[in-house]
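Every value quoted in this text rests on a predicted model; they were computed, and no experiment measured them.
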Amino acid sequence: MSVDSTPAQPFAHSADDLAKLEAIDSALNDPSPRRIGRLDQWGLADTYEIHAEIAAYKEVKITLSDTTELDAGLSVPRNLAPGQTCPAIVMPAPLSDLGRRAYLAMLPRLALGGYAVLAYSQRGLAASQGKIQVAGPQDVTDATEVIDWLVGQAGVDPERIGFFGASYGAGTSLLAAAKDPRIKAVAATSAWGDLFASLYENGTRHLKAFEELVKLFKEENCSEEFLGIIQKIRGGDIDDEVREFARVRSPRQYLEAYNNTRTPILMTTSWHETIFSVPAVVDLFTGLQGPKSLLVQVGDHGNAELPGLMGLVSKPTEMTYRWMDHHLGGSAGDGAEPRFGIRSEYMHNLLSDVRHEDWESYALPPKRFHLLDAPAGERDARMAEGGAQSGWTRAVKVTGEDTEAVVAPKLIQTGLAERAGLPHVYPTADIDRGRAAIWTTAPLDRAMQVRGDLEVRVTVTPQEKSATIVAYLMDCDAATGKAKIITNAPFTLTNEEAGQATTLAFALQPAHYVLAKGRQLQLIIDTQDPFFSHANKAPSAIEFSSPEGAESYVDIPLGTLD
């Protein structure tokens with residue numbers, strides 16, 4: 001796994017990883033001693049020699065009803081007894097130039113578990129024909145035809161088919177399961193629940209993540225429909241067509257279908273996910289009535305499962321093996337029962353493992369911290385429990401320049417560094433107080449944890465009709481003025497006239513974060529972040545206030561450690 005990856009590429013690989021996958025590909029297609037021997041440098045020669053003995057692998061082209069050919073690879077157990085069948089796992093590809101080859105290193109484990117495995121690249125991706133549909137209705141139809149093809153292969157049990165996918169493959173897997181009851185189990189890592197919520201949060205476009213995803217799709221590979229949507233999102237034209245495009249591609253819209261079939265669904269996401277909406281994944285999980293599990297980990301999109309996709313150990317893939325074994329009858333896992341409910345790591349401890357039955361029991365009750373005025377002679381305002389305070393105002397300048405507070409300096413890479421124990425440090429003491437409003441608590445008298453949902457309420461008066469603000473909750477060291485990010489959210493408002501006061505109440509991304517004794521919670525609100533689009537005009541100003549009856553606050557699910 002490499003931190004030195006291109007921004008927003010959740011499945012970026014080091015040169016060594018790419019060489020290993022190339023050698024695996026070669027050995028699978030030609031399991032000769034020479035080819036398998038190349039894997040000695042990674043200690044994998046025995047693994048793929050065993051795979052060649054127990055399973056037959058071949059690359060195939062699956063021709064769909066519209067004559068489009070999908071590139072696929074099929075592994076089937078050898079020496080099945082007459083009439084014996086095996087469970088099967090279908091693996092739609094992640095968004096990567098590797099396409100379905102991103103999963104090659106998982107094949108030996110699944111083959112040893114008695115599974116047939118079909119990995120394929122969706123239309124327009126990697127070596128598959130057609131134009132990219134972004135997990136649209138055509139991709140779902142394709143998945144059904146892929147299943148039709150698979151059940152025609154000797155030995156495959158049509159009653160024991162599961163789908164596994166990462167990122168783009170996760171969305172395809174979930175959406176296919178909503179339409180095809182033959183899918184008896186789903187494991188979706190770095191999943192999305194609602195595509196619109198991922199693109200457009202509180203009236204604000206997630207523009208940087210969107211553009212990086214478009215780069216990965218490659219516009220020349222995109223369907224005409226998707227090209228039109230790209231232009232509308234770039235231009236800020238979030239109309240009914242954009243909403244409908246996202247709606248039909250959102251698993252959360254198909255809760256009734258999942259619940260009618262009680263499809264077992266495992267999903268994973270990350271606390272500092274910068275691609276897909278975490279609250280939407282939580283909402284989808286909460287609405288499911290069948291067997292379900294949700295894993296939330298330290299880091300960003302695609303970070304946590306990447307070692308597992310490379311054939312190593314990761315929580316998402318180990319949970320997937322258990323999940324499929326339990327629901328399909330294979331033996332790829334460790335024999336333990338799968339874990340249902342919520343499972344999470346807290347920032348920044350990869351070894352933490354917190355479990356609850358559901359989100360309601362997982363989330364701590366919120367504590368209300370009122371936003372107060374700055375004491376005389378101090379440049380920052382206070383944030384405290386107790387009585388609300390009205391009547392104060394704080395103004396910030398809109399200059400068109402960002403502050404040191406950002407969601408993440410680099411998409412994906414910042415989260416990957418967090419998983420390596422190197423969270424980004426923000427020099428919040430250096431932030432220009434003329435361009436950001438800051439509220440800070442007193443130092444904590446004991447170690448505490450933030451766990452669950454957060455909300456900010458503040459009254460905003462922009463000089464212009466439209467304005468964007470971005471709120472960040474930080475873990476600050478009072479002695480150094482340096483901080484680490486806990487969570488964030490943007491908000492864009494459009495008033496009927498300039499100078500109009502509007503009281504906003506909006507959710508921040510949920511969090512699970514442990515704070516040491518003596519640390520301070522710090523709320524920063526500025527006007528710009530390179531991660532988001534913005535509606536501000538420079539030069540201008542935005543005033544924050546706390547009018548009587550609508551006093552400003554931040555609700556934080558704060559409690560002692562378990």
Side-chain angles (χ1 to χ4, degrees), residues 271 279 346-347 354 356 359-394 396 405 426 428-429 431 433 436-460 469-489 491 503-526 543-562:
W271 290 121
Y346 58 76
M347 305 299 292
V354 180
H356 287 79
W359 190 259
E360 184 179 16
S361 61
Y362 173 80
L364 293 171
K367 292 183 181 293
R368 179 156 295 178
F369 288 80
H370 297 282
L371 304 186
L372 311 177
D373 200 1
E378 296 188 17
R379 63 174 184 167
D380 290 344
R382 297 286 177 85
M383 184 168 78
E385 297 181 86
Q389 185 182 67
S390 62
W392 58 260
T393 61
R394 290 180 70 82
V396 298
Y426 295 79
T428 59
I431 291 175
R433 269 51 177 178
I438 299 179
W439 293 264
T440 305
T441 66
L444 297 175
D445 61 5
R446 73 187 89 170
M448 302 286 280
Q449 64 176 322
V450 175
R451 194 176 77 206
D453 304 299
L454 303 92
E455 182 182 79
V456 169
R457 184 172 79 175
V458 65
T459 297
V460 177
I469 62 171
V470 187
Y472 312 85
L473 186 67
M474 298 282 189
D475 162 21
C476 185
D477 183 337
T480 65
K482 294 182 179 180
K484 299 169 187 174
I485 191 167
I486 300 173
T487 184
N488 69 89
F491 198 104
T503 298
L504 308 178
F506 58 99
L508 303 180
Q509 295 292 312
H512 191 173
Y513 193 103
V514 170
L515 300 112
K517 178 181 177 180
R519 304 288 288 195
Q520 295 174 288
L521 287 162
Q522 188 173 65
L523 178 69
I524 301 171
I525 305 181
D526 66 14
E543 183 180 271
F544 301 107
S545 61
S546 182
E548 187 173 356
E551 290 86 357
S552 296
Y553 62 78
V554 54
D555 282 344
I556 303 174
L558 186 67
T560 56
L561 298 179
D562 294 334

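- Of all the heavy atoms in Tyr346 and Tyr513, the pair that sits closest is CB-N, 4.5 Å.
- Listed by first then second residue, pairs satisfying salt bridge (charged side-chain N to carboxylate O under 4.0 Å, His left out) with a partner in residues 473-482 read Asp475-Arg519, Asp477-Arg519, not counting sequence neighbours.
- Between Leu364 and Leu558, the closest side-chain pair of non-hydrogen atoms is not below 4.5 Å.
- Summarising the local packing, CZ of Arg457 is surrounded by more than 12 heavy atoms from other residues, nucleotides or ligands at distances under 6.0 Å.
- The distance from the CG atom of Leu523 to the SG atom of Cys476 is 12.0 Å, given to the nearest 0.5 Å.
- Side-chain atoms of Arg446 do not come within 3.5 Å of backbone N or O of Leu444 as any donor-acceptor pair.
- Although no hydrogens or angles enter the test, the distance criterion places no donor-acceptor pair under 3.5 Å between the side chain of Thr459 and the main chain of Ser546.
- Going from atom CG of Leu515 over to atom CE of Met347 covers 11.5 Å, rounded to the nearest 0.5 Å.
- Distance check, rounded to the nearest 0.5 Å: CZ of Arg433 to CG of Asp526 gives 11.5 Å.
- A donor-acceptor distance shorter than 3.5 angstrom exists from the side chain of Gln520 to the backbone of Thr441, with no hydrogens or angles considered.
- In plain terms, the two heavy atoms of Pro547 and Ser390 that are nearest each other are C-CB, 3.9 Å.
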Anything under 3.5 Å between a donor and an acceptor, one on a side chain of residues 365-372, the other on a protein residue two or more places apart or in another chain? List them.
from	atom 1	to	atom 2	distance (Å)
Arg368	NE	Asp555	OD1	2.8
Arg368	NH2	Asp555	OD2	2.9
His370	NE2	Gly386	O	3.0

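- Counting non-hydrogen atoms of neighbouring residues, nucleotides and ligands closer than 6.0 angstrom, the CZ atom of Arg379 exceeds 12 such neighbours.
- Within a 6.0 Å sphere centred on CD of Glu360, heavy atoms belonging to other residues, nucleotides or ligands number 12 at most.
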### Residues Gln522, Thr428; criterion side chain to side chain donor-acceptor pair (under 3.5 Å); working and verdict
CA-CA 9 Å; Gln522 188 173 65; Thr428 59; 3.1 Å; yes
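- A donor-acceptor distance shorter than 3.5 angstrom exists from the side chain of Tyr472 to the backbone of Ala405, with no hydrogens or angles considered.
- For the atom pair CD1 (Ile469) and CG (Leu504), the distance works out to 5.5 Å, reported to the nearest 0.5 Å.
- Residue Trp359 comes nearest to Pro510 through the heavy atom pair CZ2-CB, 3.9 Å, listed as atom of the first residue, atom of the second, then distance.
- In this structure, Val470 and Ile524 have side chains that are not in contact, with every pair of non-hydrogen atoms separated by 4.5 Å or more.
- Between Asp445 and Lys517 there is no salt bridge, since no side-chain N of the basic residue sits under 4.0 Å from a carboxylate O of the acidic one.
- Summarising the geometry, atom OH belonging to Tyr553 is positioned 14.5 Å from atom CH2 belonging to Trp439; distances are rounded to the nearest 0.5 Å.
- The backbone N or O of Ser545 sits nowhere less than 3.5 Å from a side-chain atom of Thr393 that would complete a donor-acceptor pair.
- Of all non-hydrogen atoms in Met383 and Leu473, the two that sit nearest each other are CE-CD1, 4.4 Å.
- Counting all heavy atoms, side chain and backbone alike, Asp373 lies closest to Gln389 at N-OE1, 2.5 Å.
- Nearest heavy-atom pair, Ser361 versus His356, reported as atom, atom and distance to 0.1 Å: O-CD2, 3.2 Å.
- Taking the ring axis of Tyr362 as reference, the NZ or CZ atom of Arg451 stays within 45° of it and closer than 6.0 Å to the ring centre.
- Taken to the nearest 0.5 Å, the CZ atom of Phe506 stands 11.0 Å off from the CG atom of Leu454.
- Contact check for His512 versus Trp271: side-chain heavy atoms found under the 4.5 Å cut-off.
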